[in-house]
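Presented below is the structure to which this report refers.
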Amino acid sequence: MAAPKILILGVGNVLMGDEGVGVHAVRLLEARPWPAHVSLLDGGTGGFHLLSHFDGCDILVMIDAALDGRPPGTVSVIEPRYASDFPKALSAHDIGLKDLVDSAAILEMLPKVLLVTISVAEVQPMQLSMSPEVEASLAEVDATVTALVSSLTVRP
(Lines give C-alpha, C1' and ligand atoms only; values in the text may rest on other atoms or scores of the structure.)
Protein backbone atom coordinates (compact mmCIF):
# COMPACT_ATOMS: atom_id res chain seq x y z
CA MET A 1 0.00 0.00 0.00
CA ALA A 2 1.39 3.38 -0.99
CA ALA A 3 1.96 6.11 1.55
CA PRO A 4 -0.61 8.93 1.44
CA LYS A 5 0.47 12.17 -0.21
CA ILE A 6 0.79 14.69 2.61
CA LEU A 7 1.02 18.46 2.19
CA ILE A 8 2.28 20.48 5.15
CA LEU A 9 1.04 24.05 4.65
CA GLY A 10 2.19 26.93 6.84
CA VAL A 11 0.12 30.09 6.59
CA GLY A 12 0.41 33.54 8.10
CA ASN A 13 1.83 36.98 7.59
CA VAL A 14 5.43 37.34 8.76
CA LEU A 15 4.97 41.14 8.79
CA MET A 16 2.50 40.76 11.67
CA GLY A 17 4.69 39.22 14.39
CA ASP A 18 3.16 36.10 15.92
CA GLU A 19 0.57 35.87 13.14
CA GLY A 20 3.33 34.58 10.87
CA VAL A 21 4.16 31.56 13.04
CA GLY A 22 2.79 29.07 10.49
CA VAL A 23 5.22 30.35 7.87
CA HIS A 24 8.11 30.31 10.34
CA ALA A 25 7.19 26.73 11.31
CA VAL A 26 7.15 25.44 7.72
CA ARG A 27 10.47 27.15 7.03
CA LEU A 28 11.94 25.34 10.04
CA LEU A 29 10.48 22.03 8.84
CA GLU A 30 11.91 22.59 5.33
CA ALA A 31 15.42 22.61 6.80
CA ARG A 32 15.51 18.82 7.01
CA PRO A 33 14.67 15.95 4.67
CA TRP A 34 11.19 14.47 4.42
CA PRO A 35 9.96 11.29 2.72
CA ALA A 36 9.03 11.62 -0.96
CA HIS A 37 5.29 11.48 -0.22
CA VAL A 38 5.51 14.62 1.98
CA SER A 39 5.71 18.14 0.57
CA LEU A 40 5.94 21.44 2.37
CA LEU A 41 4.59 24.82 1.30
CA ASP A 42 4.98 28.34 2.64
CA GLY A 43 1.42 29.51 2.02
CA GLY A 44 2.06 33.06 3.20
CA THR A 45 -1.14 35.03 3.57
CA GLY A 46 -3.13 32.47 1.67
CA GLY A 47 -5.41 33.13 -1.19
CA PHE A 48 -7.38 30.91 -3.48
CA HIS A 49 -4.22 30.10 -5.47
CA LEU A 50 -3.40 27.64 -2.66
CA LEU A 51 -6.25 25.42 -3.89
CA SER A 52 -4.10 24.21 -6.77
CA HIS A 53 -1.74 22.60 -4.26
CA PHE A 54 -4.56 20.47 -2.83
CA ASP A 55 -4.88 18.51 -6.08
CA GLY A 56 -3.65 14.96 -5.54
CA CYS A 57 -3.11 15.55 -1.83
CA ASP A 58 -4.55 12.91 0.51
CA ILE A 59 -3.85 14.70 3.80
CA LEU A 60 -3.40 18.40 4.45
CA VAL A 61 -1.58 19.43 7.62
CA MET A 62 -2.14 23.17 8.06
CA ILE A 63 -0.12 25.25 10.53
CA ASP A 64 -1.48 28.62 11.63
CA ALA A 65 -1.77 31.09 14.48
CA ALA A 66 -4.97 31.19 16.52
CA LEU A 67 -6.50 33.92 18.69
CA ASP A 68 -8.17 31.31 20.88
CA GLY A 69 -7.70 32.71 24.38
CA ARG A 70 -5.11 30.11 25.36
CA PRO A 71 -1.67 31.12 26.64
CA PRO A 72 0.61 32.29 23.81
CA GLY A 73 2.66 29.43 22.41
CA THR A 74 0.08 26.72 23.17
CA VAL A 75 0.21 24.13 20.38
CA SER A 76 -3.00 22.25 19.54
CA VAL A 77 -4.10 19.80 16.86
CA ILE A 78 -7.68 19.60 15.65
CA GLU A 79 -9.34 17.71 12.85
CA PRO A 80 -11.95 20.23 11.73
CA ARG A 81 -15.10 18.79 10.24
CA TYR A 82 -17.10 21.97 9.80
CA ALA A 83 -16.16 25.57 9.04
CA SER A 84 -17.13 26.46 12.62
CA ASP A 85 -14.39 24.12 13.89
CA PHE A 86 -11.69 26.47 12.60
CA PRO A 87 -10.35 29.18 14.90
CA LYS A 88 -11.33 32.78 14.25
CA ALA A 89 -9.67 34.18 11.15
CA LEU A 90 -6.92 36.68 11.81
CA SER A 91 -7.42 39.87 9.87
CA ALA A 92 -3.99 39.70 8.23
CA HIS A 93 -5.02 36.87 5.88
CA ASP A 94 -6.40 37.76 2.44
CA ILE A 95 -8.97 35.03 3.00
CA GLY A 96 -9.54 32.88 6.04
CA LEU A 97 -8.80 29.18 6.32
CA LYS A 98 -12.55 28.58 6.54
CA ASP A 99 -13.02 30.19 3.12
CA LEU A 100 -10.17 28.16 1.62
CA VAL A 101 -11.45 24.87 3.03
CA ASP A 102 -15.06 25.64 2.07
CA SER A 103 -13.93 26.37 -1.50
CA ALA A 104 -11.94 23.14 -1.68
CA ALA A 105 -14.98 21.20 -0.44
CA ILE A 106 -17.24 22.81 -3.05
CA LEU A 107 -14.72 21.96 -5.77
CA GLU A 108 -14.52 18.38 -4.41
CA MET A 109 -10.77 18.66 -3.85
CA LEU A 110 -10.65 18.73 -0.06
CA PRO A 111 -8.32 16.16 1.46
CA LYS A 112 -8.42 15.08 5.09
CA VAL A 113 -7.41 18.17 7.10
CA LEU A 114 -5.44 18.36 10.31
CA LEU A 115 -4.92 21.82 11.75
CA VAL A 116 -1.96 22.59 13.99
CA THR A 117 -2.58 25.87 15.78
CA ILE A 118 -0.27 28.00 17.85
CA SER A 119 -2.05 30.33 20.26
CA VAL A 120 -1.18 34.01 20.02
CA ALA A 121 -2.23 36.90 22.24
CA GLU A 122 -2.53 39.53 19.51
CA VAL A 123 -1.57 40.48 15.98
CA GLN A 124 1.40 42.84 15.98
CA PRO A 125 1.30 45.02 12.84
CA MET A 126 4.62 45.76 11.16
CA GLN A 127 6.68 43.52 13.42
CA LEU A 128 8.98 40.86 11.98
CA SER A 129 9.86 39.15 15.25
CA MET A 130 7.65 36.79 17.22
CA SER A 131 7.03 36.94 20.95
CA PRO A 132 9.36 34.72 23.00
CA GLU A 133 6.50 32.33 23.92
CA VAL A 134 5.40 31.81 20.33
CA GLU A 135 8.94 31.51 19.01
CA ALA A 136 9.72 28.92 21.71
CA SER A 137 6.71 26.86 20.55
CA LEU A 138 8.38 26.13 17.18
CA ALA A 139 10.22 23.12 18.65
CA GLU A 140 6.91 21.67 19.82
CA VAL A 141 5.32 22.38 16.42
CA ASP A 142 8.22 20.53 14.77
CA ALA A 143 7.76 17.53 17.07
CA THR A 144 3.97 17.58 16.64
CA VAL A 145 4.07 17.70 12.84
CA THR A 146 6.77 15.02 12.72
CA ALA A 147 4.66 12.75 14.93
CA LEU A 148 1.55 13.42 12.82
CA VAL A 149 3.33 12.56 9.58
CA SER A 150 4.77 9.42 11.14
CA SER A 151 1.36 8.29 12.39
CA LEU A 152 -0.27 8.98 8.99
CA THR A 153 2.35 7.16 6.95
CA VAL A 154 1.58 3.58 6.03
CA ARG A 155 4.60 1.35 6.40
CA PRO A 156 4.85 -1.75 4.19
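Below, each value reflects all heavy atoms present in this structure, side chains not excepted, and no hydrogens, waters or symmetry copies.
To the nearest 0.5 Å, atom CG of residue L41 and atom OG of residue S39 are 7.5 Å apart. Note that the CG atom of L138 and the OG1 atom of T144 stand 11.0 Å from one another [nearest 0.5 Å]. To the nearest 0.5 Å, atoms CD1 (I8) and CG (L114) are separated by 10.5 Å. Separating the CD atom in E135 from the CD atom in E133 is a distance of 10.5 Å, to the nearest 0.5 Å. Between atom CG of residue N13 and atom CE of residue M126 there is a gap of 9.0 Å, rounded to the nearest 0.5 Å.
At distances below 3.5 Å, not a single donor-acceptor pair connects side-chain atoms of W34 with backbone N or O atoms of V149. Checking side-chain atoms of E19 against main-chain N and O of G12 turns up no donor-acceptor pair under 3.5 Å. The backbone N or O of A147 sits nowhere less than 3.5 Å from a side-chain atom of S150 that would complete a donor-acceptor pair.
Both V113 and I78 are part of a single hydrophobic cluster, where members link through side-chain heavy atoms under 4.5 Å apart. Under a hydrophobic-cluster definition in which Ile, Leu, Val, Met, Phe, Trp and Tyr are linked whenever side-chain heavy atoms come within less than 4.5 Å, directly or via other members, V141 and V77 are assigned to the same cluster.
V145 has its side chain within reach of I63: a pair of non-hydrogen atoms, C-beta onward, lies under 4.5 Å apart.
Counting heavy atoms of neighbouring residues, nucleotides and ligands inside a 6.0 Å radius, atom CG of D58 exceeds 12 of them. In this structure, R27 places its CZ atom where more than 12 heavy-atom neighbours from other residues, nucleotides or ligands lie under 6.0 Å away.
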